[in-house]
Amino acid sequence: MDYSDVSTIAAWITEQGLKGASEAELMTGFCSACRDAGLPLDRGLALMDTLHPVHEGRAFRWDSVEEIQAEFEYGPTSSGEAASNWQRSAFYHLWSNNEREIRRRLGFGDPIDFSMLDTIAEAGHTDFVAMMHRFSEAGTIGEMDCFFSHFATKHPEGFSDHDLAILRKLVPVLGLAIKCIALGRIARTIAEVYLGEDAARQVMEGKISRGKSERISAALWFSDLLNYTKISDSVPPEEIIPLLNDYSEAVITAVHESGGNVLKLIGDGVLAIFKSEVPAETCRAALSAESLLREKLTKLNAARAADGRATTDVYIGLHIGDVFYGNIGSQDRLDFTVIGPAVNEVSRIASMCRSVDLNLLISSDFAAAIPEQQRAALACVGRYALRGVQRAQELYTLDSARLNG
């Protein structure tokens, strides 16, 4: 492999990174191209921490012969067996000692003193090199502070000095391309986690101008917890966040699994929308989410009760109407959300659940939008004037709606 190949491979990596190829595609293409050009690569792995509420990072693998999982996500390495494995790795040695490279000539008597080296040696690899490329403070996001990689060969003579020189020139280019893709992934993750999937998609597509919105018809969901204030006053403070997380998880997953989008978490409250060109379909999806939530709450409350922890229920208001969906706020702080009288109305409907002692209330507009067969399953609970809403209206619930308590 000569230096003209280095330029060709570096140009390919750059082009693929600009095109937005996945990290696994970059890793696979890089290793294959190096091998085709004469570099005796037989195994490669790259990993980098990320910014994600669940995963600590992502890793990308390549093998010249064996079919292996090209990429995988890994969880926290701060405790338990994961921490032990991490602390025995070549990468941890590099990171903790702030070194850039470490090599083990496995076929020539070097110690097998890091995790995975025994497996690599047993597979017939004769030489192993691990590298770390640390980012500066300005280039660090969360725990994403460096790019790790390792490479192994089965060549009888191991890596030559020339081979290592080639890797030292090319791996930083690979790391930069993978970091570029990872940053895009992080941006999407943050947007989805904090804005919701649909709002995040629109923001990532460039809809970030203040005042830019569209008028849509949507089924609206507003829910909150029964007796949250009373519970928060009676349980230990350290139990409040786990309680909110447990019930928020049930609500949010029920909405998402039914095709809805959660827009707001307001204390113990949740604002969500269901969009479709056909009103009956949006209403059907919202009712499906309500039914699914009740199943999740039954299991959740049983599990929490078995642990001696506080349990509760979820009040839900359902409505349908036209809203403005888009960016609201100042030049320095925008919120991608829905506004309009229908949003105020659905929150008032949900708050009425306490007064009528039901965990589900449905507006007359929502009731009128669902198919007649489903409408027959509704029961009118009375006509009410909602605070801040000009018109009084009849509210409905399901015949099978469960009383709180």
Side-chain angles (χ1 to χ4, degrees), residues 6 9-10 12-14 16-18 21-31 34 39 41 43-62 71-79 82-105 110-111 113-117 120 127-153 159 161 163-187 189-190:
V6 172
I9 294 173
W12 179 86
I13 296 170
T14 303
Q16 294 304 305
L18 290 172
S22 71
E23 300 99 317
E25 290 170 338
L26 285 167
M27 184 65 180
T28 298
F30 168 77
C31 292
C34 287
L39 193 67
L41 284 186
R43 179 189 178 109
L45 179 142
L47 64 85
M48 188 161 54
D49 285 352
T50 187
L51 189 61
H52 192 280
V54 177
H55 307 118
E56 184 173 296
R58 295 165 58 82
F60 318 99
R61 302 188 296 182
W62 172 85
E71 63 180 282
F72 61 91
E73 294 162 325
Y74 54 88
T77 57
S78 55
S79 62
S84 177
N85 290 337
W86 163 242
Q87 291 166 10
R88 292 187 294 109
S89 71
F91 293 149
Y92 179 80
H93 176 90
L94 293 172
W95 180 81
S96 60
N97 292 284
N98 199 26
E99 298 178 11
R100 294 198 60 170
E101 183 180 310
I102 192 167
R103 182 184 185 187
R104 290 293 183 264
R105 289 173 58 78
D110 278 4
D113 51 354
F114 299 122
S115 59
M116 294 196 307
L117 282 188
I120 292 173
D127 209 347
F128 168 92
V129 60
M131 299 179 177
M132 179 186 73
H133 294 85
R134 193 181 287 275
F135 309 149
S136 69
E137 184 177 350
T140 296
I141 296 181
E143 297 297 318
M144 191 181 78
D145 59 357
C146 57
F147 174 70
F148 291 111
S149 60
H150 79 221
F151 303 93
T153 182
F159 289 122
D161 290 344
D163 296 334
L164 293 177
I166 295 293
L167 284 174
R168 292 178 189 126
K169 286 183 174 293
L170 284 176
V171 170
V173 183
L174 174 66
L176 180 60
I178 287 180
K179 181 183 179 183
C180 176
I181 302 304
L183 288 174
R185 187 186 300 276
I186 287 173
T189 296
I190 293 174

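- Between Phe30 and Val173 there is no side-chain heavy-atom pair separated by less than 4.5 Å.
- Thr189 places none of its side-chain heavy atoms less than 4.5 Å from the side chain of Leu51.
- Residues Leu39 and Phe151 are not in side-chain contact: their nearest non-hydrogen atoms beyond the backbone lie 4.5 Å or more apart.
- Listed by chain and residue number, Arg104 satisfy the side chain to side chain donor-acceptor pair (under 3.5 Å) test with Asp113 (two or more places apart in sequence, or in another chain).
- Here side chain to side chain donor-acceptor pair (under 3.5 Å) pairs that include residues 131-140, with residues two or more places apart or in two chains, are Asn98-Arg134, Arg100-His133.
- Note that CG of Asp110 and CZ of Phe128 are 11.5 Å apart. Values are rounded to the nearest 0.5 Å.
- Between Ile13 atom CD1 and Met27 atom CE the span is 10.0 Å, to the nearest 0.5 Å.
- Here Cys180 contributes atom SG and Arg185 contributes atom CZ; the two are 12.0 Å apart, rounded to the nearest 0.5 Å.
- Counting all heavy atoms, side chain and backbone alike, Asp127 lies closest to Phe159 at OD2-N, 2.8 Å.
- Distance check, rounded to the nearest 0.5 Å: CZ of Arg168 to CE of Met131 gives 6.0 Å.
- Between the Glu56 side chain and the Thr77 main chain, a donor and an acceptor come within less than 3.5 Å of each other.
- Between Glu99 and His93, the closest side-chain pair of non-hydrogen atoms falls below 4.5 Å.
- Listed for the Lys179 side chain is no donor-acceptor partner under 3.5 Å among the backbone atoms of Phe135.
- More than 12 non-hydrogen atoms from other residues, nucleotides or ligands lie less than 6.0 angstrom from CG of Asn97.
- Heavy-atom neighbours of Trp95 CH2 from other residues, nucleotides or ligands within 6.0 Å: at or below the threshold of 12.
- Between atom CD of residue Glu73 and atom NE2 of residue His52 there is a gap of 6.0 Å, rounded to the nearest 0.5 Å.
- When all heavy atoms of Phe91 and Leu45 are compared, the pair lying nearest together is CE1-CD2, 3.7 Å.
- A distance of 10.0 Å separates OG1 of Thr14 from CD of Gln16, quoted to the nearest 0.5 Å.
- Met144 approaches Ile186 most closely through the heavy-atom pair SD-CD1, 3.8 Å.
- Across Ala24 and Glu71, no two heavy atoms sit closer than the pair CB-OE2, 3.3 Å.
- The shortest distance between side-chain heavy atoms of Ser22 and Phe60 does not fall below 4.5 Å.
- Between Pro76 and Ala82, the closest heavy-atom pair is O-CB, 3.5 Å.
- Within the 4.5 Å cutoff, the side chain of Glu23 has no heavy atoms near those of the Met48 side chain.
- The neighbour count for Glu143 CD, taken as heavy atoms of other residues, nucleotides or ligands under 6.0 Å away, does not exceed 12.
- The two residues Cys34 and Leu170 come nearest to each other via the heavy atoms SG-CD1, 3.9 Å.
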